[in-house]
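In what follows, a single structure is set out as structure tokens and then discussed.
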Amino acid sequence: MSDFKALVIEKNDGAQSITLKDLSDSDLMDGDVTIRVSHSTVNYKDGLAITGKAPVVRRFPMIPGIDLAGVVESSSHPDYKPGDSVVLNGWGLGETHFGGYSERARVKGDWLVPLPQGLRADEAMAVGTAGYTAMLCVLALEAHGLEPSMGPAVVTGAAGGVGSIAVALLAKLGWHVIAVTGRTSEKDYLEGLGASEIIDRSELSGPGKPLGKERWIAGVDAVGSHTLANLLSMTRYGGAIAACGLAQGLDLPASVAPFILRGVSLLGVDSVMCPRPKRLVAWQRLARDLDRAKLDATRTDITLADVPATAQAIIEGRVRGRMVVTIPG
Ligand code: NDP
């Protein structure tokens, strides 16, 4: 039994707190693979969990962190052996099962994917759930038959995590990318990632018409609410929007007009319970299609001690791109 450090969320008398604690192996939850965690990240969902703004955490105490990367220390799972580099996104990590803000994790081997060839552990966490979800969105658009020659692709929440990686991926794949952001001060950053046009998000965040001018054939939406309704109403005939987020709201005040008059499709994207074969494809494509220099441009490096303040900042929309948490141990 050895000690390790982890961030722990506790709830007492209805009030939630988070503290860096010393734990031992006997505190870990059940699983067939034990991992020395080297890196994690902070996603919007981690922000919701740590601030308690939404009921992401389903049991207390909880080690938050929906992502981790590290090296297998011990395993009784047939696919993994000590020394293997692995990545884990979702599957209830940081919600129902102890998560990534910890020097050690014990998890189900079935949840893991091998660290893709060509990516380091810190790069995999610069991608994280946000980037892997952006890739799932791109895969959904491709499966719909859409390609760059058909017209532009729009990305909302563009300066955030999902948005930044979506812009970089789509641009690398040859799309004309229209980035929608509330932070027009990030114009240089977004153009650096490959955006060809920038739209102020206020143009799309209010109530719109059932049908608008056709502006794009494809889209990745991390925002929901009126923004998603407007995206749909401005999608060209036969196009599609991949929806994965709710940064503006959980509602969708839309009409059926784009669906029944323009054959537009709304493609739902979930990363948490996404089946393993699709995860493997997404990670292989990320290793192949994501420009490393652009990934580096999105990232800020922090420590475990910085995570609570970063969680607050991401909920307030003050985080740009992706955060990488380095975990010594
Ligand atoms: P970030 O906070 O990094 O990015 C969200 C971005 O949305 C912000 O940076 C901001 O972009 C924009 N935004 C914030 N508030 C508003 C608002 N009120 N109106 C319009 N735009 C707003 O979060 P992530 O990238 O980690 O996650 C994005 C969303 O995707 C979240 O809702 C998250 O829960 C969801 N998600 C869903 C997954 C799934 O499996 N379906 C997986 C991963 C994420 P800007 O400053 O450019 O305007």
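Remember, it's 1-based here, ligands and their atoms both numbered in the order they're listed.
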Between [X] and [Y], a side-chain donor and acceptor under 3.5 Å:
{"X": "N89", "Y": "W111", "result": "no"}
{"X": "T129", "Y": "N43", "result": "no"}
{"X": "T156", "Y": "D221", "result": "yes"}
{"X": "E10", "Y": "S17", "result": "no"}
{"X": "S24", "Y": "S26", "result": "yes"}
{"X": "N230", "Y": "T227", "result": "no"}
{"X": "H97", "Y": "D30", "result": "no"}

Any atoms of ligand 1 less than 4.0 Å from a non-hydrogen atom of [X]? List them with their elements.
{"X": "A158", "value": "47 (O)"}
{"X": "G161", "value": "1 (P), 3 (O), 4 (O), 25 (O)"}
{"X": "A159", "value": "47 (O)"}
{"X": "T181", "value": "45 (P), 46 (O), 47 (O), 48 (O)"}
{"X": "C244", "value": "30 (O), 35 (C), 36 (N), 37 (C), 38 (C), 39 (C), 41 (N)"}
{"X": "T129", "value": "42 (C), 43 (C)"}
{"X": "G245", "value": "29 (C), 30 (O), 32 (O), 35 (C)"}

Heavy atom of the protein closest to [atom] (residue, atom name, distance):
{"atom": "atom 6 (C) of ligand 1", "value": "G157 CA, 3.8 Å"}
{"atom": "atom 4 (O) of ligand 1", "value": "G160 CA, 3.3 Å"}
{"atom": "atom 25 (O) of ligand 1", "value": "V162 N, 2.7 Å"}
{"atom": "atom 15 (N) of ligand 1", "value": "A247 O, 3.7 Å"}
{"atom": "atom 29 (C) of ligand 1", "value": "A222 O, 3.3 Å"}
{"atom": "atom 26 (O) of ligand 1", "value": "Y44 N, 3.0 Å"}
{"atom": "atom 22 (C) of ligand 1", "value": "R201 NH1, 3.2 Å"}

Q) What part of T133, side chain, backbone, both or neither, has a heavy atom within less than 4.0 angstrom of ligand 1? A)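 Just the side chain.
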
Q.
Heavy atoms only, cut-off 4.0 Å: how does S271 contact ligand 1, side chain, backbone, both, or neither?
A. both

Q) Is the distance between the ring centroids of W216 and H176 under 6.0 Å? A) no

Are any of the N/O atoms on [X], whether in the backbone or the side chain, positioned under 3.5 angstrom from an N/O atom of ligand 1?
{"X": "V223", "value": "no"}
{"X": "V269", "value": "yes"}
{"X": "G182", "value": "yes"}
{"X": "L246", "value": "yes"}
{"X": "R183", "value": "yes"}
{"X": "Q248", "value": "no"}

**Q.** Interatomic distance, K45 atom NZ to L93 atom CG [nearest 0.5 angstrom]
**A.** 10.0 Å

Q) Hey, mind stepping through E186 and T181 against side-chain hydrogen bond (donor to acceptor under 3.5 Å, both in side chains) and telling me if it holds? A) CA-CA 8 Å; E186 297 293 357; T181 182; over 6 Å; no

Q | Heavy-atom gap G317 to ligand 1 smaller than 4.0 Å | A |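 So G317 does not count as touching ligand 1.
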
Q. Has R106 got its NZ or CZ under 6.0 Å from the middle of the six-membered ring of F98, at an angle within 45 degrees of the ring axis?
A. no

Q) What pairs with R299 under salt bridge (Lys or Arg N to Asp or Glu O under 4.0 Å), at least two apart in sequence or on another chain? A) D122, D301

